[in-house]
Amino acid sequence: MSIEPRPSGRVVVTGIGAITPLGTGIEKTWPRLLAGENAIDNITIMDVSDYATRFAGEVRDFNAEDWLDKKDARRIDRFISYGVAASRMALDDSGFPLNEDTAEWVGALVGSGVGGHNVLAEQARRLFEGGPSKVSPFFVPYIIPDMASGMISITLGLKGPSTCIVTACATGTDAIGDAYHIVKRGDAIAMLAGGTEAAINELGMAGFCSARAMSTRNDDPTHASRPFDNDRDGFVMGEGSGVLMLEDYDHAIARGAKIYGEVVGYGFTSDAHHITAPHPEGEGAVRAMKNSLKRAGITVEQIDYINAHGTSTGLNDKGETAAIKKVFGEQAYKVPISSTKSMIGHTLGATGALEAIFCLLAMRDSIIPPTINYEFPDPDCDLDYVPNVARKAEINYTLSNSFGFGGHNATLVLKKL
Amino acid sequence: MDRNEVFEKVKKVTIEQLGVKEGEVNESSSFTEDLGADSLDVVELVMALEDEFGADIPDDDVQNLKTVGNVVDYLAK
């Protein structure tokens with residue numbers, strides 16, 4: 001029996017999946033995040049002796065063979081494996097009845113900020129050492145960022161929309177925003193949406209080191225990711241994937257699905273300013289937040305928690321704080337704000353999706369994860385960053401920011417049902 | 001290198017490249033029909049064999065290498 005989407009115009013989250021440096025799976029990550037545990041450590045998967053930054057948040061308990069066939073698991077870029085695994089978790093968690101009739105209305109939109117750097121670096125080495133005939137036929141399919149969505153669709157048998165968003169560190173948030181619109185207008189009944197990243201490799205680390213964007217606190221990595229703290233010296237690389245099952249509200253209700261929350265507002269803008277630096281006053285960030293609130297039809301007083309982009313770079317933390325003040329006014333001093341990057345590092349294209357998941361879990365469990373490593377107040381960052389310890393709170397609406405190289409700003413507002 | 005040595009090496013590379021079990025690989029195994037390889041898998045397998053044996057296997061020869069035994073014969077020459 002063929003079916004057609006009958007969009008209700010409302011989109012809810014019915015499943016979540018996550019792979020983070022704190023562990024593979026929500027059940028490993030979330031309690032450790034609330035406990036304020038730190039996942040940043042010396043890099044073990046590559047030789048870092050010549051690198052300015054020698055630590056990161058590595059995923060250490062992931063086995064690709066648990067999620068892919070042996071042949072793919074061996075050769076595929078890690079960013080794709082993480083995306084497939086997190087998607088499988090989100091689909092299983094949702095209990096969505098995937099079958100011959102429904103499959104053509106379920107899709108994948110799991111983006112990546114930088115794509116397959118691991119395969120890219122290895123194949124470039126083969127090219128320069130052995131010539132063009134030594135480059136693998138899998139070079140192209142495994143470096144293109146859309147292959148996460150491609151492999152997710154192939155592995156899970158999803159026949160609906162399969163696309164990809166690439167907006168650097170705003171990717172995860174933009175992917176959810178775009179998938180939200182896809183479901184809302186009825187191009188799909190459900191979408192697996194989010195981000196995936198695996199940039200802890202020779203090329204990725206070298207590039208970000210040269211950009212002078214990362215912390216070089218090599219003698220004390222566990223205290224290196226310190227968003228909003230005056231003693232910060234750059235972001236800390238993380239890796240992993242976050243995927244959400246977005247589903248039409250009526251469809252979810254009709255099948256009695258567990259609902260984590262509703263996507264009610266998405267704003268996305270551009271700074272039109274600089275390739276890597278955010279606008280100093282967060283001009284584009286201000287508009288992204290305002291637009292998301294307007295779409296949600298709520299006031300700033302209704303936001304109970306902000307999951308900040310909070311990268312632990314001076315430019316981001318000061319600019320984002322200024323932007324929050326501009327949007328929230330006096331309320332900026334009352335709303336709790338935290339950066340979960342303090343514990344898992346910056347997972348680039350995955351970060352927005354992981355943070356959306358943390359917002360949903362914060363609403364479910366009525367608790368706000370902390371900003372750890374907060375010791376020395378920055379005079380320019382004088383808001384409530386939920387320092388060091390998780391905090392109980394009734395949370396009905398959350399706002400989450402993501403900003404990316406290229407001047408991308410994306411904000412998502414989620415609501416508890 | 002004697003023929004058996006070549007076979008053992010080809011078998012090792014095949015198992016690793018195609019993610020198949022040791023028992024599935026014998027001289028008569030066809031890469032595409034028996035071991036699940038598609039055209040891209042075959043290209044990559046040949047590259048891995050070139051690396052392993054320090055050999056150069058031209059494309060024109062690859063089309064004649066359908067089975068594990070074909071490859072062993074070719075490389076043992």
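Because the structure is a prediction, the values reported are computed rather than measured. So you know, we letter chains A, B, ... as the sequences are listed, proteins then strands, and number each from 1.
- A pairwise comparison of heavy atoms in B:L40 and A:P137 identifies O-CG, 3.3 Å as the closest pair.
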Ignoring hydrogens and angles, write down the donor-acceptor pairs under 3.5 Å from the side chains of residues 193-210 of chain A, residues two or more places apart or on other chains.
{"unit_1": "A:T196", "atom_1": "OG1", "unit_2": "A:F79", "atom_2": "O", "d": "2.6"}
{"unit_1": "A:T196", "atom_1": "OG1", "unit_2": "A:G83", "atom_2": "N", "d": "3.3"}
{"unit_1": "A:E197", "atom_1": "OE1", "unit_2": "A:G113", "atom_2": "N", "d": "2.8"}
{"unit_1": "A:E197", "atom_1": "OE1", "unit_2": "A:G349", "atom_2": "N", "d": "2.7"}
{"unit_1": "A:E197", "atom_1": "OE2", "unit_2": "A:S112", "atom_2": "OG", "d": "2.8"}
{"unit_1": "A:E197", "atom_1": "OE2", "unit_2": "A:G113", "atom_2": "N", "d": "3.4"}
{"unit_1": "A:E197", "atom_1": "OE2", "unit_2": "A:V114", "atom_2": "N", "d": "3.1"}
{"unit_1": "A:N201", "atom_1": "OD1", "unit_2": "A:L203", "atom_2": "N", "d": "3.2"}
{"unit_1": "A:N201", "atom_1": "OD1", "unit_2": "A:G204", "atom_2": "N", "d": "2.8"}
{"unit_1": "A:N201", "atom_1": "ND2", "unit_2": "A:N118", "atom_2": "OD1", "d": "3.1"}
{"unit_1": "A:N201", "atom_1": "ND2", "unit_2": "A:A198", "atom_2": "O", "d": "3.3"}
{"unit_1": "A:S210", "atom_1": "OG", "unit_2": "A:A206", "atom_2": "O", "d": "3.1"}

Can you check whether chain B and chain A share any donor-acceptor pairs under 3.5 Å, and give the atom names and distances if they do?
{"unit_1": "A:K71", "atom_1": "NZ", "unit_2": "B:G36", "atom_2": "O", "d": "3.1"}
{"unit_1": "A:K71", "atom_1": "NZ", "unit_2": "B:D41", "atom_2": "OD2", "d": "2.8"}
{"unit_1": "A:R74", "atom_1": "NE", "unit_2": "B:E16", "atom_2": "O", "d": "2.9"}
{"unit_1": "A:R74", "atom_1": "NH2", "unit_2": "B:Q17", "atom_2": "O", "d": "2.8"}
{"unit_1": "A:R74", "atom_1": "NH2", "unit_2": "B:Q17", "atom_2": "OE1", "d": "3.4"}
{"unit_1": "A:R74", "atom_1": "NH2", "unit_2": "B:E44", "atom_2": "OE1", "d": "3.1"}
{"unit_1": "A:R75", "atom_1": "NH1", "unit_2": "B:D41", "atom_2": "OD1", "d": "2.7"}
{"unit_1": "A:R75", "atom_1": "NH1", "unit_2": "B:E44", "atom_2": "OE1", "d": "3.4"}
{"unit_1": "A:R75", "atom_1": "NH2", "unit_2": "B:D41", "atom_2": "OD1", "d": "2.9"}
{"unit_1": "A:R126", "atom_1": "NH1", "unit_2": "B:D51", "atom_2": "OD2", "d": "2.9"}
{"unit_1": "A:R126", "atom_1": "NH2", "unit_2": "B:D51", "atom_2": "OD2", "d": "3.2"}
{"unit_1": "A:K134", "atom_1": "NZ", "unit_2": "B:E50", "atom_2": "OE1", "d": "3.2"}

